[in-house]
Amino acid sequence: MSKVITPKEQDYSQWYNDLVIKAGLADYSAVRGCMVIKPYGYAIWEKMQSVLDGMFKATGHSNAYFPLLIPKSFFAKEASHVEGFAKECAVVTHYRLKNSPDGIIVDETAKLDEELIIRPTSETIIWNTYKSWIQSYRDLPLLINQWANVVRWEMRTRLFLRTAEFLWQEGHTAHATREEAVEETEKMLGIYAEFAEKWMSMPVIKGTKTESERFAGALETYCIEAMMQDCKALQAGTSHFLGQNFAKAFDVTFLNKENKPELVWATSWGVSTRLMGALVMTHADNEGLVLPPLLAPIQVVIVPIFRDEEQLKKINEVVGNIRKGLTEQGISSKYDTDDNRSPGWKFAEYELKGIPLRIGIGPKDLEKGTVELYRRDTRQKQFVPVDGLDRYIKNLLAEIQENLFKKALDLRETNTVKVDNYADFKDILDKKGGFILAHWDGTAETEEKIKEETKATIRCIPLNNIVEEGKCIYSGKPSKQRVIFAKAY
RNA sequence: CGGGAUGUAGCGCAGCCAGGUUAGCGCACACGCUUGGGGUGCGUGAGGUCGCGAGUUCGAAUCUCGCCAUCCCGACCA
C-alpha cells in the first residue's frame, strides 16, 4: 500500500532510494548529505563488521583508534595526497560559540591557531604517529586497522553509495620491504574479494586502477569491482600500495639488521558502508530487499496464522520446538505473533526486509504436521514436514546463499563483452551497458577522451590478465591486454 | 557551482491560473467492532504558524518581490 516501491525497470535510482527508505535501512537526516543508519540497516552493517573484523584479526591485524581531527599542516606533507582530498575537506576553525542578539554565533576570539581537518582518511595522522612507534626492523610489520567515520564533502550524495559522512574501516600497515608491503596489499584485496563473494554473494573482479583512478598518494591501487543489476560498475573495496611516500613525508625510518636506516613501506585498505548499497543493488527486487543468509540479521521469520488465542497456543507449542531446533543449528529466527497485523501484511513486510526464509504455520499445518516454507530469493513456496525442519532449513539457507551468487554471476557474465572497435564500444554502452573488455593504449589522454565521449571509465586492469596483442579501440596504438570499461557509480 | 522543478498533517498529494465561511483527500496513527493461508472491511477520532519574510488588498495557501530548503539533470568523487 504505502510501502510500494518504484519498479526498477521504471526508474532504477528511485527504486534504490525507495528500497533503502522503506526497508528501514536508512533515513535522510537534518544534515545535508548525511544519513541516519536505522537499526535494521545498522544490524546488517554490524554483521559485515564482525565478519571482516574476524578476518583482519585472523591475518594478524589489531584494531586501534586515531583522532577524528587532523592538523591542517599534516595534509600538506604528501603533495598528491593533499591535492586529491583538498577539495572535499571539512575544516574546523573555531572552538567556541557565544550568545549574541542574533542568537548563538561563532566566537571570533576563539579562532584556532592551526585549523583542524575532519579526516577524509587517516594516512597523515597515522603516519605521524607511526614515526614514534617504529625504530627497528623488530617493530615491523606494524599491522593496524581502525573502524571509524570519515567526512568527504561531496557535491551530490546518495544513500550509502556516497554520503558526506560514512562509516568504514581503514587498515594501515608498515613493512620493512617493498615485497612484503605489496604482498600485504594483495592479501587484503583477497580478503575483500572473499568477503564479497562468500558472505555478500556478490561476485567481484580483482584488479588494479589506472593512474588517473588511483588513490591520492598511492603507487598502486588495487580494487574489487562488482556489477550492479543496472549493469553499472561499483567499486566495492580498495587496497593501496603506498610505497615509501608517507614514510618520506613523515620521516618514518627503521634500522635494519645491518644497523642502517631505511624508509618504511606502507599500505592502506578500506571498505565502507557503501557495501550496504552494493548489497541492495546486487540482489534486491521489486518486492524489496533480498539478503544473503549469512548477512541477514534474521534468517527465518515465523508467521502464525490463527483466529483465536486457543489456536495460537497450539501453534506456539510447535513453533517453540522449531525455534529450539533452529537455534541448535545456529540459525537466527523471529516469531511474529503480533495480532494487529494480518498474515498477508506480515508476508509483504518481511519480503520488503529481505528475510531469506519465512515459515507460515496455521491450523491446517498442525493437522498435517507441516509448515509452509517461502524462499525470498526464488519467491517459491513449499510444504515441509516439521520433523527434520531445522536441518532442512540449514541446507536451504546454504543453497540460497549459493543461488544468489550464481544469479549475480550470471548477470555479470551475460553483460560482459569483448569489443574491438570504438563504434561497437559506443553502441554497447548506449544500448545495454555492462562491462566491456577492450584494448587500451595505456595513456591517460585516451582514457580521458573515452570518458568525455562515452561516460565510461576504466574500472580496472584485471589481475592475472591474459596477455594478448591488440590495438587500442580509441587510438589504434598497440596494446598487450584488455581492460574493463564501464559506467560506474 | 550552472540548468530545471517542487515546498500545503508523519508520508504522498489536491486546492493556487480566475483571492472570499471552518483548507481537503489517500495512506499511516489512536480507539471499537470485524477479519486472519498474500498488505481485511466498517465506524469514530486526533493531527496544519499552507517553507520563511516583506508587500498588494477590506480579505492571501492563492497575486508580487526577496530569501531559504529539497529533489532531478550536469561538472566533482569511496
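What you see below is based on every heavy atom in this structure, not just the backbone, and it leaves out hydrogens, waters and symmetry mates. To find a chain, count down the sequence lines: A is the first, B the second, and so on, and within it residues start at 1.
Under the Watson-Crick or G-U wobble criterion, with both distances below 3.5 Å, B:G7 is paired with B:C68. Across all strands shown, B:C29 forms a Watson-Crick or G-U wobble pair with B:G45, both key distances being under 3.5 Å.
Geometric assessment of A:Lys8 against the ring of A:Tyr16 yields a negative cation-pi assignment under the 6.0 Å and 45° thresholds. Both tests hold for A:Arg358 against A:Phe347: distance to the six-membered ring centre under 6.0 Å, angle to the ring axis within 45°.
In terms of position on RNA chain B, the residue among A:Lys455 and A:Asp308 whose nearest nucleotide sits closer to the 5' end is A:Asp308. Comparing A:Ala164 and A:Ser13 along RNA chain B, the residue whose closest nucleotide (by nearest heavy atom) sits nearer the 5' end is A:Ser13.
Residue pairs meeting the side chain to side chain donor-acceptor pair (under 3.5 Å) criterion with at least one member in residues 449-462 of chain A, sequence neighbours excluded: A:Glu225-A:Arg459, A:Tyr422-A:Glu453, A:Glu453-A:Tyr474, A:Thr457-A:Arg459.
Taking only distance into account, the side chain of A:Lys381 meets the base of B:G38 through a donor-acceptor pair shorter than 3.5 Å. A donor-acceptor contact under 3.5 Å is not formed by the side chain of A:Arg379 with the base of B:G38. Side-chain atoms of A:Asp365 and base atoms of B:G37 include a donor and an acceptor less than 3.5 Å apart.
A close approach under 4.0 Å does not occur between any side-chain nitrogen or oxygen of A:Arg274 and OP1 or OP2 of B:A78. Under 4.0 angstrom from either OP1 or OP2 of B:G39 there lies no side-chain N or O belonging to A:Ser342.
Straight-line distance between the P atoms of B:C31 and B:C67: roughly 48 Å, to the nearest whole Å. Spacing of P atoms, B:A54 relative to B:C16, comes out at 26 Å, to the nearest Å. Here the separation of B:A75 from B:G3, taken at their P atoms, is 16 Å to the nearest Å. Rounded to whole Å, the separation between the C1' atoms of B:U62 and B:G7 comes to 15 Å.
Using a 4.0 Å heavy-atom criterion, one finds that A:Phe215 contacts no nucleic acid atom at all. Within the nucleic acid shown, A:Leu161 comes within 4.0 Å of at least one base atom, counting heavy atoms only. As judged by a 4.0 angstrom heavy-atom cut-off over every strand, A:Arg158 is placed among residues making no nucleic acid contact. Among the heavy atoms of the strands, none lies under 4.0 Å from A:Phe383.
By the 4.5 Å heavy-atom criterion applied to side chains, A:Leu143 and A:Ser62 are not counted as neighbours.
With B:G37, B:A78, B:C29 as the choices, the nucleotide that has an atom nearest any side-chain atom of A:Arg341 turns out to be B:C29.
For the residue pair A:Thr157 / A:Thr163, no side-chain donor-acceptor distance below 3.5 Å is found, with atom types taken as modelled.
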